[in-house]
Amino acid sequence: MVISRAYGSGDPRTVVVPGLGATAGEARIPASGLPGTRIVLTLPGHVDAPPAPAEYWTYPSIAADIAPVVRTARRAIGVSLGAGALCALVADEPDILDRLVLMLPAVLAKPRPTGAAAVVLDMAAAADSGDRDRLRALVAETSPVGPAAYIEERTTALLRLGPALRAASGQLAVTDPVTLDRVTADVLVIAATGDRLHPSEVAEEVAAAFPRARLARFDSAAPLVTHRDDVRVLVRDFLDHERR
C-alpha cells in the first residue's frame, strides 16, 4: 500500500521513510542534497495515498509494507514513525542495509514517555472528532518553529490519521532490543532536545541498541527546520563515508 517516488537517478539509492503526518515537502527534506536516486515513500493516508485499514498501523505491518522497496537499496533514512518501522525491519532482516539514518525516533522497546503518549492521544481524539482547531493547537504546541502554512498542512494531514495516531501512542517498534545486536549496518541516530514527541532519551536508547551506531544531538526542538543545513551535511557525510 506504500507509494514510492524517485528523485534523481543512478547510484547510490537511498530510501526515505517519513514520519506520521508528513506532508509531501516535509517527506523529501531528509534526502535533500544526496547524490544518486532518492526514493521517498508515501505511507497510506498521506498526501494522495488511499487510507489504510486501522489494523495496518503497527510497526511490523509498516515494516513489511516498506521492505520490498528498502531491499532495492542499501541505504535508508527514517523519521519518527519511519525510524521505528526501519528498526522493526532490520530486527527481522539484520543485513538488509549498509547505512541507516534514524532521525528523531519516537519509541524503540520501551513505552513512550507518559507526556508524549498523552499528546499523541489528544491528537488522535481531535482527529477522530474532526476538531480542526484543537488539532491545530496541538500541532502548533509540538512544532514551535514551524511557519503557519506548515501548521495548517500538517493539521490537514493528521485529520485523516486518527487511528494511526491512536495506535502509535502505545506501540513499541521492537519488543526485544537484543534482536538489533545482529544488525550489520552502520547507524546514525539524530536526536533533538526539547522535542515533546521525540525525547532525546529515546534516541539514546536507539543508539545504544545497535552495535555500530553513533548519536548526534542538536540543541533544538526541531533540528530539521532550525539546523537543516547542518543535518544535511551530517547525513550526506555519514552515508557517503567509506566503511572501515
Side-chain angles (χ1 to χ4, degrees), residues 17-22 43-45 52-66 77-94 100-129 134-135 138-139 141-144 154 157-158 161-183 187-211 213 215-218 221-224:
V17 189
L20 186 62
L43 297 175
E55 60 269 19
Y56 173 87
W57 296 107
T58 69
Y59 285 105
S61 176
I62 300 168
D65 195 17
I66 67 175
I77 303 171
V79 183
S80 189
L81 179 83
L86 284 169
C87 285
L89 177 56
V90 297
D92 284 339
E93 299 186 41
L100 173 61
V101 180
L102 301 171
M103 295 183 173
L104 311 178
V107 67
L108 185 64
K110 298 176 183 178
R112 280 178 182 257
T114 302
V119 173
V120 177
L121 283 173
D122 285 348
M123 287 181 168
D128 286 340
S129 65
R134 175 58 178 159
L135 184 56
L138 289 165
V139 171
E141 289 175 12
T142 55
S143 307
R154 186 161 178 79
L158 290 174
L161 295 168
L165 286 162
R166 193 170 301 281
S169 68
Q171 289 190 31
L172 306 179
V174 299
T175 56
D176 184 359
V178 173
T179 58
L180 299 176
D181 285 346
R182 302 174 298 134
V183 174
V187 180
L188 171 65
V189 183
I190 296 178
T193 60
D195 186 330
R196 294 176 62 189
L197 298 183
H198 310 94
S200 58
E201 56 264 32
V202 175
E204 293 168 1
E205 177 195 2
V206 171
F210 289 94
L215 175 68
R217 185 182 287 104
F218 287 87
L224 297 184

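Along the sequence shown, residues carry numbers from 1. Bear in mind the structure is a predicted one, so any value in this text is a computation, not a measurement. Side-chain atoms are counted along with the backbone in the values below, which use heavy atoms only and exclude waters and symmetry mates.
No side-chain heavy atom of Thr193 sits under 4.5 Å from any side-chain heavy atom of Pro223. Using a 4.5 Å heavy-atom threshold, the side chains of Leu180 and Val187 count as separate. Residues Ser80 and His198 meet the side-chain proximity criterion, which asks for heavy atoms closer than 4.5 Å. Counting heavy atoms from C-beta outward, Leu81 and Leu43 have side chains that approach closer than 4.5 Å. Two residues are said to be in side-chain contact when any heavy atoms from C-beta on lie closer than 4.5 Å; Val107 and Gln171 fail this criterion.
Taking each heavy atom of Pro211 and Asp181 in turn, the nearest pair found is CG-O, 3.5 Å. For the residue pair Arg154 and Ala22, the shortest heavy atom distance occurs at NH1-N, 3.8 Å. Shortest non-hydrogen contact noted between Leu104 and Ala192 is CD2-CB, 3.7 Å. Across Met103 and Ala83, no two heavy atoms sit closer than the pair O-CB, 4.1 Å. Pro105 approaches Val202 most closely through the heavy-atom pair O-CG1, 3.5 Å. Summarising the geometry of Pro44 relative to Tyr56, their closest heavy-atom pair is CD-OH, 3.4 Å, with the distance given to 0.1 Å.
Going from atom CG of Leu215 over to atom CG of Leu102 covers 11.0 Å, rounded to the nearest 0.5 Å. Rounded to the nearest 0.5 angstrom, Cys87 SG and Asp92 CG are separated by 12.0 Å. Atom CG in Leu197 sits 5.0 Å away from atom OG1 in Thr142 (nearest 0.5 Å). How far CG of Leu20 is from CE of Met123: 9.5 Å, rounded to the nearest 0.5 Å. Rounding to the nearest 0.5 Å gives a distance of 7.0 Å between CG of Leu224 and CD1 of Ile190.
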Test log, rule side-chain contact (heavy atoms from CB on, under 4.5 Å), inputs Tyr59 and Leu172: CA-CA 7 Å; Tyr59 285 105; Leu172 306 179; over 6 Å; no

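Of the listed residues (Val79, Leu188, Val189), just one forms a side-chain contact (heavy atoms from CB on, under 4.5 Å) with Val101, and that residue is Leu188.
A donor-acceptor contact shorter than 3.5 Å links the side chain of Thr179 to the backbone of Asp176.
Residue pairs meeting the side-chain hydrogen bond (donor to acceptor under 3.5 Å, both in side chains) criterion with at least one member in residues 103-120, sequence neighbours excluded, do not occur.
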